[in-house]
Amino acid sequence: MTFAEKLLTTRPPIELAGRRLKRYHVTADPAGIEPEVEEAAYRFLPELLRTLPEPDGTPPGGFLVLHRGGDDGVYLNVYSWVWDNALHFAGGAAGQPVLGCPDRDPTHFVRLDRSLIGCVWELPPLDHERNAWVRHLLDAPAPDLDAYLADSLPAGTTGWSGTGPSAKGLDTGRSDRGRFVR
C-alpha cells in the first residue's frame, strides 16, 4: 500500500450553536475542498452539534476537521471540549456507502453511528489541540478561550510518515514548542 500525506489548511474559527470552533481542512488537492462540498458540510454541522452534552461550565471551544477523501468520500469530524478536559466527538460522512451513506454524493451528509474518531490524515490536529487547550485554559493564570482559538496548527501537510518530503530533507517547518509534530 502506498501512503502519502495530504495537505492541511486552517480556516478562521466559526461560532455556531453557542460553540466556537477552529477549522481544519484536509485534502490531497492543492485547490482545496470543492466549494459545494464545503458548503454542504457546514450546512450539516448543526446536526452534529445537537449531539453535544448540555453546557457544563467548560468554555465552549472545540475544533473540526473536514476531510475530502481520494474517492467520493468526505468526512466531518467535530471535537468539543467538555468536563474541562475531555473531548466529545461527533462525526458525519458523505459519499461513502461503507459508512452508511445512502449514495456516493459528496454533498449528502449523514451522521456516523460508529465509534471512529478519525483516520491518519484527520488525527494530526488532535495533538496540537490538546496542547493548546492545556496551554490556554488549564495551565494558564486565567482561562483564555480567545487565545486558544488563535492557536491553530499551521498549514502544511498532515504529518511526517518517515517516507514523505520530511524524510527526504524537505522539512515542513511544523513545530509545537520546539519539537517536531507528526
Side-chain angles (χ1 to χ4, degrees), residues 5-27 32-33 38-39 41-68 74-93 109 111-161 166 171-182:
E5 296 293 358
K6 294 187 179 183
L7 301 172
L8 180 135
T9 57
T10 304
R11 306 294 300 269
I14 58 172
E15 186 167 344
L16 187 63
R19 286 284 190 214
R20 296 173 69 192
L21 301 169
K22 298 184 205 184
R23 300 184 297 156
Y24 296 100
H25 287 190
V26 174
T27 181
I33 296 173
E38 181 180 352
E39 290 166 11
Y42 288 112
R43 278 194 311 270
F44 185 73
L45 181 56
E47 173 69 23
L48 296 178
L49 293 175
R50 280 194 270 284
T51 69
L52 292 173
E54 290 296 317
D56 63 1
T58 302
F63 58 100
L64 65 84
V65 178
L66 178 60
H67 175 198
R68 180 64 157 113
V74 183
Y75 314 93
L76 179 59
N77 300 340
V78 181
Y79 306 89
S80 186
W81 292 101
V82 297
W83 306 332
D84 293 327
N85 61 11
L87 274 177
H88 178 274
F89 170 79
F109 280 84
R111 203 163 98 205
L112 292 179
D113 62 357
R114 299 175 186 211
S115 56
L116 303 170
I117 63 163
C119 73
V120 295
W121 295 286
E122 298 159 356
L123 294 177
L126 271 76
D127 181 53
H128 176 85
E129 293 303 321
R130 179 257 181 221
N131 292 336
W133 188 259
V134 168
R135 198 168 30 252
H136 299 296
L137 286 110
L138 301 180
D139 197 28
D144 189 343
L145 185 59
D146 289 329
Y148 167 76
L149 292 167
D151 185 347
S152 293
L153 190 60
T157 61
T158 50
W160 180 68
S161 67
S166 293
D171 186 4
T172 61
R174 291 230 192 128
S175 67
D176 184 26
R177 290 193 173 206
R179 66 183 178 85
F180 192 77
V181 177
R182 292 185 210 209

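This is a predicted model, so every value here is computed, not measured.
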Euclidean distance, Y42 OH relative to I14 CD1, rounded to 0.5 Å: 6.0 Å
Approximate separation, where rounding is to 0.5 Å, of L76 CG and R68 CZ: 13.5 Å
Check against ring pair (Phe, Tyr, Trp, His ring centres under 6.0 Å), H136 and Y148: CA-CA 5 Å; H136 299 296; Y148 167 76; 7.1 Å; no
Where do [X] and [Y] come nearest, in terms of heavy atoms and distance?
{"X": "A155", "Y": "T9", "answer": "CB-CA, 4.2 Å"}
{"X": "S152", "Y": "K22", "answer": "OG-CD, 3.5 Å"}
{"X": "L149", "Y": "P13", "answer": "O-CG, 3.8 Å"}
{"X": "L48", "Y": "A90", "answer": "O-CB, 3.8 Å"}
{"X": "A93", "Y": "L112", "answer": "CB-CD2, 3.8 Å"}
{"X": "P154", "Y": "T10", "answer": "C-OG1, 4.3 Å"}

Look at the side chain of [X] and the backbone N and O of [Y], then say whether any donor-acceptor pair between them is shorter than 3.5 Å.
{"X": "H88", "Y": "T51", "result": "yes"}
{"X": "Y24", "Y": "P124", "result": "no"}
{"X": "R23", "Y": "P12", "result": "yes"}
{"X": "T158", "Y": "K6", "result": "yes"}
{"X": "T58", "Y": "W83", "result": "yes"}

Under the salt bridge (charged side-chain N to carboxylate O under 4.0 Å, His left out) test, residues paired with [X] that sit two or more places apart:
{"X": "R11", "result": "E38"}
{"X": "R111", "result": "E47"}
{"X": "R19", "result": "none"}
{"X": "E122", "result": "none"}

Worked check of side-chain contact (heavy atoms from CB on, under 4.5 Å) between Y75 and V65: CA-CA 8 Å; Y75 314 93; V65 178; over 6 Å; no
Non-neighbouring partners of F89 that pass side chain to side chain contact (heavy atoms under 4.5 Å, CB included), sequence neighbours left out: N77, Y79, I117
Side chain to side chain contact (heavy atoms under 4.5 Å, CB included) against L138, all qualifying residues, sequence neighbours excluded: N85, W133, V134
Close side-chain approach of L8 and P125, heavy atoms under 4.5 Å: yes
Heavy-atom side-chain proximity of L145 to P60 below 4.5 angstrom: yes
Flag for D151-H128: side-chain donor and acceptor within less than 3.5 Å: yes
Member of T27, I33, V26 meeting the side chain to side chain contact (heavy atoms under 4.5 Å, CB included) criterion with H67: V26
Stepwise side-chain contact (heavy atoms from CB on, under 4.5 Å) test for V74 and F109: CA-CA 8 Å; V74 183; F109 280 84; 3.5 Å; yes
